[in-house]
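Chain letters run A, B, ... following the sequence lines, proteins first, then strands; residues in each count from 1.
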Number of protein chains: 2
Amino acid sequence: MKLLDIGEVSEASGLPASALRYYEEQGLIAPAGRRGLRRQYEPEVLMQLTLISMGKAAGFTLDEIGSIFGNRGRPVLPREELHQKADALERQMRELGALAKAVRHVANCQAESQFDCQAFQRLMRVNIKTMQRRARKNGGRKAPV
Amino acid sequence: MKLLDIGEVSEASGLPASALRYYEEQGLIAPAGRRGLRRQYEPEVLMQLTLISMGKAAGFTLDEIGSIFGNRGRPVLPREELHQKADALERQMRELGALAKAVRHVANCQAESQFDCQAFQRLMRVNIKTMQRRARKNGGRKAPV
DNA sequence: CTAGCAACTCAAGCCGACTTGAGGTCAAGC
DNA sequence: GCTTGACCTCAAGTCGGCTTGAGTTGCTAG
């Protein structure tokens with residue numbers, strides 16, 4: 001199987017080479033070897049990068065991503081924790097849906113201010129609650145994800 | 001209607017007072033007035049903060065959030081752009097779902113490495129494509145959201 | 001053989017989103 | 001009338017995630 005130069009990986013993934021080197025420094029990816037100075041990647045790395053991008057989009061830090069999809073696809077966390085992460089993701093997904101709804105509503109609503117609109121208020125109500133639940137749990141620091 | 005001290009807003013929202021001042025500096029919220037030096041907030045601000053939190057969870061910058069739910073609930077962007085934002089959110093929601101599935105799979109899968117697992121590979125395949133589409137469009141910089 | 005060019009390293013810089021700390025203000029309760 | 005505690009301002013610091021720049025190395029084509 002043909003190995004890829006960093007430039008090719010960059011091209012294929014859309015990530016700048018500097019980011020790839022940075023991911024390596026953080027232990028998220030690794031080249032199969034070198035040819036001279038140059039890193040040579042297995043095509044598999046593209047899948048890893050997809051995972052990383054998805055994880056980032058979901059608000060994980062690189063560190064967290066590393067612990068979910070650890071060294072070359074072997075997860076570092078125990079099953080139970082992984083399921084918790086998945087639960088969190090699904091919750092977050094629902095929140096995203098709520099936000100999409102809210103934005104959609106804002107686009108169509110005639111009210112002077114959203115805060116005058118009954119429908120909008122209903123959309124928000126439930127989320128104020130989940131937000132407060134979350135806040136109570138972690139003292140308002142950093143998204144638990 | 002009773003006005004709230006920053007401490008009360010902080011308590012109710014779970015956000016530290018320093019963050020509230022920062023949001024004010026960025027033009028996202030504003031107190032109804034002051035009593036002496038102290039900011040006095042209308043309860044309405046809690047709804048705005050919910051919106052902000054949701055927006056952040058969805059990966060928007062504070063700046064972007066400001067342009068969606070502009071000055072006191074009157075959106076700054078035209079309808080069309082708001083719908084585009086909503087579309088993007090729904091896309092992102094689906095990606096999040098895919099990630100949840102992937103994590104769930106990793107938790108259960110017996111394969112040595114995820115990259116040896118057929119089911120996992122299928123899960124990823126589609127996302128590599130969307131990732132590449134996105135990359136081609138923006139040169140790999142900053143999430144388009 | 002040598003010129004190019006892509007890649008390399010390492011240190012420093014940058015941006016967003018806050019936090020922290022030092023030093024100041026003020027209304028409320030004793 | 002004084003202390004206390006919540007709040008204030010402003011400057012500086014922090015952290016994550018990269019980017020930028022200067023100076024170096026080494027495969028490849030002419």
Side-chain angles (χ1 to χ4, degrees), chain A residues 2-41 45 48-49 51-68 135 138-145, chain B residues 2-41 45 48-49 51-68 135 138-145:
Chain A
K2 194 208 168 211
L3 294 179
L4 307 171
D5 242 14
I6 200 171
E8 299 174 291
V9 175
S10 170
E11 170 76 4
S13 67
L15 298 166
S18 60
L20 300 178
R21 289 187 208 104
Y22 179 71
Y23 289 168
E24 180 177 340
E25 200 177 307
Q26 303 303 302
L28 291 178
I29 61 173
R34 299 255 181 156
R35 190 163 43 136
L37 287 185
R38 303 182 179 204
R39 292 161 175 85
Q40 299 298 115
Y41 294 93
V45 79
Q48 289 181 270
L49 291 172
L51 240 22
I52 294 172
S53 291
M54 290 169 71
K56 283 196 353 174
F60 288 99
T61 63
L62 293 185
D63 219 61
E64 290 170 319
I65 295 171
S67 66
I68 300 180
N138 64 13
R141 299 327 235 50
K142 190 123 208 259
V145 185
Chain B
K2 191 205 170 212
L3 294 179
L4 306 171
D5 241 15
I6 201 172
E8 299 173 293
V9 175
S10 170
E11 169 77 5
S13 67
L15 299 166
S18 62
L20 299 178
R21 288 189 208 103
Y22 180 70
Y23 289 168
E24 180 177 338
E25 200 177 307
Q26 303 304 302
L28 290 178
I29 60 173
R34 298 254 181 156
R35 192 167 39 137
L37 288 185
R38 303 182 179 203
R39 292 163 174 83
Q40 300 297 116
Y41 294 94
V45 80
Q48 288 181 269
L49 291 172
L51 240 21
I52 294 172
S53 290
M54 289 168 71
K56 284 196 352 177
F60 288 100
T61 64
L62 292 185
D63 221 59
E64 290 169 319
I65 294 171
S67 67
I68 300 179
N138 65 12
R141 302 321 237 57
K142 187 122 211 253
V145 185

>> Side-chain N or O of B:Y23 versus OP1/OP2 of C:dC18: is the shortest distance under 4.0 Å?
In response: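 So the side-chain polar atoms of B:Y23 do come within 4.0 Å of the phosphate oxygens OP1 or OP2 of C:dC18, strictly under.
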
> Between B:S18 and C:dC18, is there a side-chain N or O to OP1/OP2 distance below 4.0 Å?
Replying inline: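 No, B:S18 has no side-chain N/O under 4.0 Å of OP1/OP2 on C:dC18.
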
> Do A:I52 and A:L62 have side chains that get closer than 4.5 Å, going by heavy atoms?
Replying inline: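 Touching, per the 4.5 Å side-chain cut-off.
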
Whole-Å gap separating [atom2] ([N]) and [atom1] ([X]):
| X | N | atom1 | atom2 | result |
| --- | --- | --- | --- | --- |
| A:I65 | D:dC18 | CD1 | P | 9 Å |
| B:L62 | C:dC15 | CG | C1' | 12 Å |
| A:R34 | D:dG26 | CZ | P | 12 Å |
| A:R39 | C:dA7 | CZ | P | 11 Å |
| B:I6 | D:dA6 | CD1 | P | 13 Å |
| A:D5 | C:dA7 | CG | C1' | 8 Å |
| B:Y22 | C:dC15 | OH | P | 12 Å |
| A:Q26 | D:dG17 | CD | C1' | 8 Å |

> In Å, rounded to the nearest 0.5 Å, how long is the span from CG of A:L3 to CD of A:E8?
Replying inline: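 The CG atom of A:L3 sits 9.5 Å away from the CD atom of A:E8.
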
> In Å, rounded to the nearest 0.5 Å, how long is the span from NZ of B:K56 to CG of B:L49?
Replying inline: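 That separation rounds to 10.5 Å.
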
>> Tell me if a side-chain donor or acceptor on A:S10 pairs with a main-chain N or O of A:I6 at a distance below 3.5 Å.
In response: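 Looks like no, no N/O pair under 3.5 Å.
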
> Quick one: bend of the helix from C:dC1-D:dG30 to C:dC30-D:dG1 from 5 pairs per end, to 10°?
Replying inline: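 Computed from the C1' atoms at both ends, the axes differ by 0°.
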
Pairs of donor and acceptor atoms involving the side chains of residues 21-36 of chain B, under 3.5 Å and at least two apart or interchain, shall be tabulated with distances.
from  : atom 1 : to    : atom 2 : distance (Å)
B:E24 : OE1    : B:R39 : NE     : 2.7
B:R34 : NH1    : B:L37 : O      : 2.6

>> How close do B:I65 and B:F60 get, counting heavy atoms only, and between which atoms?
In response: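 Looking at all heavy atoms of both residues, the shortest contact is CG1-CB, 3.6 Å.
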
>> Strictly under 4.0 angstrom, non-hydrogen atoms only: write out the protein contact profile of nucleotides 22-30 of chain C, one letter per nucleotide from the 5' end, B, S or -.
In response: ---S-S---

